[in-house]
Amino acid sequence: MSARSRALILLVVALLLVLSSCTLTSPGPAFDTGAPDAVGSTGAATGGTANAREVSSLDGRRLTPREELADGGSLTLPLDNFPARWNLLHDDGATTDAGLILSATDPVLYDYDPQGTITPRPEFLTAMPALTRRVGRDVVTYDLNPRAAWNDGTPIDYRAFRAVWQVSREGVRRGGYRPVSSAGYEDIESIEAGANPHQVVVTFRAGRSFHPVTDLFVTLLHPAAASVATFNDGFSGDAFHPEWRAGPFTLKSLDTTAKTITLERNPHWWGRTPRLSQISFRHMTDSASLPAFTNGEIDATRIDTRARYAQVQQAPDLDVRASRRLQTTVLGFNTDDPTLSDTAVRKALWQAIDREQWNRVRYEGMNWTEGAVNSLVYFPFQPQSRDNMPVTHDPAAARATLEAAGYTRGSDGVFARDGRRVSVRYTGFGDDPMGNALAETLRTQAAAAGIEVQVTILPATEVEQVTRSRGFGILIMSLAANSPSPVSAVCQAMCSTHPFNITGAGSAALDARIRGLGSIADPDAQAEQINAVEKDWLTLYGLMPLANGPDIWAYHRGLANLGPAAFASIHPHWEDVGWTIESGRG
């Protein structure tokens, strides 16, 4: 998993939470996001141009000038999982909930707009990094804000960059450190001070480079935290270490038993004074979050099903906001499974699966429509997006694929070869009706192509064990992104030997092409090669993209400058979040 680079993170548990009951039969009212055509997708952009309607509907933050916000007030937000580690650079610390909290307390060098355009965050960077060539080497120069400092008074300078490099350059579980990613950092030769104490010069090794450089050093690490012991174990539990952080908010209280953390205005912050006095984050189950929101205990809750939308209507001062979710729901096919080890079987399954029908089942009644997603690496609203799917839904073609591979359809309608029936395990988790409906949809579609799918539903507590042991045939999961560029994360999903590639699909030749993507300086040429790699990798039929889906939240009316906004949601400007004066909540 990759903190502060685009991460293709296995989010099986998170997806299970999303797949909750959609049992109501009456259509709900349209979601109001404050923008025309704000909810609903019209399909993937396949020709390199982002769909205009999708782009216009990405921002649900309720952008409001600071002078219209009250000075003070509190905000309480729910967490799906309470972080056990407060270190985004650690491979066990790069969680969505930790990222949300720490974006208010830690250095964030870049701002993203909803489409993913990157600009420097002026509190830390006075300009975008400058890339030059010196003596055959790539050199990146960073100009830092002279006022930037850690909470203990230590200046933020080249030593913070060195600390990130030190913990990240050896790769996962090598050199004693457990970094989330070494991509790019392993290519650096040196990091030094530049022409002044506020300038940092990063020099790559001869013949090595990494692009985009904005995927490196998105957040920083206090030099005092760079030892192996401190980095690996020093941020666990209640060891938050506010003195080693730098952001508009700082720690007020942390209760690991109640699973609550509260932040307050940071007196050491040199930027704009936060409008809110404090922000609290509370771990809360889905079933608890709706009544807590309705009763005013929390100020937001995710709406991911038709049932939750109907239930939230009783909440006072309701304000529903939506954007496109920075996740791709996929089906994973285990290439080590005895039946699925045959590429022809995996291909036939892909031809048998009607992804459009899957989406209709999944999002019925949510006022959300989207075409089937045709890429894992770019979202449909990004201009680099291409249709990289190797096959389309065609049950007749699926049967022909199996016949060409020597399979014969038996009297029971199922293909077989050498006495082995084409029977595949599908593993689901929990007792959620929607999850069961999707499993049944897959089983029925496969049967039409002569493939038997045996559905096994296990307790949700077994998710981690099943995924780690690869004890499945087909599995539904989700891949998440937290950077506009996929270059740092392609290997995580597609390299044949990477521990996060739970399908096992890949080859040595593709691995070499993937590892060379970061050396391509021209962004258009790099995107072209990323798409070319994905197009070839998808012919191995390991991960089938299904959908992105909506990111829909209910807020109390009057909350400004916060909400789902695609890439802009990754790093909220917490100092600008607040309650409008007219709301009376400040």
Do [X] and [Y] have side-chain N/O donor and acceptor atoms under 3.5 Å apart?
{"X": "D152", "Y": "T154", "answer": "yes"}
{"X": "T503", "Y": "N501", "answer": "yes"}
{"X": "N87", "Y": "R178", "answer": "no"}

**OP:** Using salt bridge (charged side-chain N to carboxylate O under 4.0 Å, His left out) as the criterion, list what pairs up with R245, not counting sequence neighbours.
**Re:** D106
Does a side-chain heavy-atom distance below 4.5 Å link [X] with [Y]?
{"X": "F333", "Y": "M544", "result": "yes"}
{"X": "F500", "Y": "C491", "result": "no"}
{"X": "I520", "Y": "H211", "result": "no"}
{"X": "W574", "Y": "L562", "result": "yes"}
{"X": "S483", "Y": "V218", "result": "no"}
{"X": "V200", "Y": "I191", "result": "yes"}
{"X": "L510", "Y": "M494", "result": "no"}
{"X": "P223", "Y": "R162", "result": "no"}

Subject >> Worked verdict on D111 versus H573 for side-chain hydrogen bond (donor to acceptor under 3.5 Å, both in side chains) >> reply: CA-CA 9 Å; D111 286 324; H573 267 270; 2.8 Å; yes
**OP:** Walk me through it: do L538 and L376 pass the test side-chain contact (heavy atoms from CB on, under 4.5 Å)?
**Re:** CA-CA 9 Å; L538 288 178; L376 301 170; 4.1 Å; yes
Original post:
Quick check: does any side chain N or O of N561 sit under 3.5 Å from a backbone N or O of T64, one acting as donor and the other as acceptor?
Top reply: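 Yes, N561 side chain to T64 backbone: donor-acceptor pair under 3.5 Å.
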Subject >> N/O donor-acceptor pair under 3.5 Å between Q526 side chain and L517 backbone >> reply: yes
Subject >> Residue that, paired with N266, satisfies side-chain hydrogen bond (donor to acceptor under 3.5 Å, both in side chains) out of T273, N151, T105 >> reply: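 With N266 as partner, side-chain hydrogen bond (donor to acceptor under 3.5 Å, both in side chains) holds for just one option, N151.
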**OP:** Can you spot which of R324, R302, Q327, R321 makes a side-chain hydrogen bond (donor to acceptor under 3.5 Å, both in side chains) with D551?
**Re:** R302
**OP:** Give the C-alpha distance, both sets of side-chain angles, the deciding distance and a yes or no for side-chain contact (heavy atoms from CB on, under 4.5 Å) between V577 and R275.
**Re:** CA-CA 6 Å; V577 176; R275 306 307 288 165; over 6 Å; no
Compare every heavy atom of [Y] with every heavy atom of [X], then report the nearest pair and how far apart it is.
{"X": "T328", "Y": "P545", "value": "CG2-CB, 4.1 Å"}
{"X": "D387", "Y": "N374", "value": "OD1-CB, 3.3 Å"}
{"X": "W270", "Y": "I156", "value": "CH2-CD1, 4.4 Å"}
{"X": "V228", "Y": "G176", "value": "CG1-O, 3.5 Å"}
{"X": "G563", "Y": "S569", "value": "O-OG, 3.3 Å"}
{"X": "Y378", "Y": "Q382", "value": "CA-OE1, 3.5 Å"}

**OP:** Could you tell me the separation between the CG atom of L331 and the CD1 atom of I476, rounded to the nearest 0.5 Å?
**Re:**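 It is 5.5 Å, given to the nearest 0.5 Å.
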**OP:** Can you run down the ring pair (Phe, Tyr, Trp, His ring centres under 6.0 Å) pairs that involve residues 180-203, sequence neighbours left out, and say none if there aren't any?
**Re:**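 Output for this query lists Y185-F217.
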Subject >> Within residues 512-532 or reaching into it, pairs that qualify as ring pair (Phe, Tyr, Trp, His ring centres under 6.0 Å) - sequence neighbours excluded >> reply: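 Matches after skipping sequence neighbours: none remain.
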**OP:** Name all residues meeting the side chain to side chain donor-acceptor pair (under 3.5 Å) criterion together with S469; count only those two or more places apart in sequence or in a different chain, and write none if there are none.
**Re:**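 S469: side chain to side chain donor-acceptor pair (under 3.5 Å) contacts with Q465.
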Subject >> Set of residues satisfying side chain to side chain donor-acceptor pair (under 3.5 Å) with respect to R121, sequence neighbours excluded >> reply: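 Only E123, E575 meet the side chain to side chain donor-acceptor pair (under 3.5 Å) criterion with R121.
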**OP:** Output, in order, the C-alpha distance, side-chain angles, deciding distance and verdict of side-chain hydrogen bond (donor to acceptor under 3.5 Å, both in side chains) for Y177 and Q166.
**Re:** CA-CA 9 Å; Y177 291 101; Q166 178 179 330; 2.7 Å; yes
Original post:
Stepwise, does the side-chain contact (heavy atoms from CB on, under 4.5 Å) test hold for E264 with T250?
Top reply: CA-CA 6 Å; E264 63 183 355; T250 190; 4.1 Å; yes
Subject >> Working for side-chain contact (heavy atoms from CB on, under 4.5 Å), residues F567 and F381 >> reply: CA-CA 11 Å; F567 288 110; F381 61 83; 3.7 Å; yes
Original post:
Do the ring planes of Y541 and W350 sit parallel (below 30°), tilted (30 to 60°) or perpendicular (above 60°)?
Top reply: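 The rings of Y541 and W350 stand perpendicular, inter-plane angle above 60°.
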Subject >> Residue pairs passing the side chain to side chain donor-acceptor pair (under 3.5 Å) test where at least one lies in residues 124-137, sequence neighbours excluded >> reply: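 Found R133-D138, R137-E189.
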